[in-house]
Amino acid sequence: MSEMEQAVQEIRERVCKAAAQAGRSPDEIKIMAVTKTVEIERVNQAVACGLTLIGENKVQELLGKLPSLEGQPEIHLIGQLQTNKVKYIVDKVDMIQSVDSIKLMREIEKQAAKIERRMQVLLEVNIGREESKGGVLPEELDALLKEAAQLNYVAVEGLMAIPPMEQPEAAGAYFEKMRQLFIDIGAKKLDNVNMHVLSMGMSGDFEEAIRHGSTLVRVGTALFGRRDYAQK
Ligand SMILES: *Cc1c(COP(=O)(O)O)cnc(C)c1O
């Protein structure tokens with residue numbers, strides 16, 4: 001077995017175990033390969049090993065990799081997105097997970113309308129209320145949901161969050177808050193809003209996220225090893 005196959009298998013086993021402990025089916029949980037800073041050959045290896053969903057943080061990096069990307073994985077943008085870059089990716093990604101302003105939503109609407117494609121998005125929640133982080137505060141979600149109801153080419157499919165790194169022991173409490181928001185919003189049955197995807201959990205905490213209802217874990221380091229930002 002190759003190193004990559006082994007890493008993928010280990011992650012699958014961790015997901016299965018956490019799901020079983022939570023009384024959930026592992027089929028409810030998608031594994032995303034987070035490919036930032038990872039060279040394209042290794043991204044292709046991961047896809048060949050059956051990880052058919054990849055996440056990139058930066059528009060520029062994604063565009064650079066696309067011509068050499070093999071296997072047609074599903075592609076999500078997971079990093080902060082500037083409105084002026086939406087036009088470069090609107091026809092290239094399957095979902096934008098990091099929507100955190102009305103302005104950004106409107107720009108996605110505008111660009112998606114041009115190509116008559118409905119863009120799936122997640123609303124990113126700054127659940128730890130960190131100043132340095134993207135995402136909206138929980139109390140700001142209503143305004144975004146209201147806006148979404150007015151749009152024709154944006155479909156809100158769920159929520160995404162990154163809990164504060166500094167307090168890993170508190171991750172469970174943050175994940176639980178996210179689960180509550182996810183359930184509450186889903187129950188409102190709003191136009192254009194379907195709470196299908198709860199994207200939370202990374203290499204260090206995805207088991208905990210799965211225990212709190214995550215349906216999509218975003219895994220970088222556990223799959224590819226430590227990132228070498230110096231190479232970029
Ligand atoms: C980098 C990144 C990840 C992956 O983090 P790891 O700890 O390496 O698994 C997940 N989600 C987002 C939004 C990221 O930027």
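Nothing here was measured: the structure is a model prediction, and the numbers come from that model. Whatever order the structure lists them in is the order used to number ligands and atoms, beginning at 1.
Residues Phe175 and Asp205 approach most closely at CZ-OD2, 3.6 Å, considering heavy atoms. The minimum heavy-atom distance between Glu109 and Tyr153, with the atom names listed, is OE1-N, 2.8 Å.
Enumerated by chain and number, the residues approaching ligand 1 to less than 4.0 Å through a heavy atom are Val34, Lys36, Asn57, Ile78, Ile162, Met202, Ser203, Arg218, Val219, Gly220, Thr221, Arg227.
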Determine all donor-acceptor pairs shorter than 3.5 Å in which one atom belongs to a side chain in residues 154-167; sequence neighbours excluded.
none

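In this structure, OG1 on Thr35 lies 4.5 Å from NZ on Lys65, to the nearest 0.5 angstrom. Going from atom CG of Leu122 over to atom CE of Met200 covers 12.5 Å, rounded to the nearest 0.5 Å.
A donor-acceptor pair is defined here as one N or O able to donate and one able to accept, closer than 3.5 Å; such a pair exists between the side chain of Asn192 and the backbone of Ala148.
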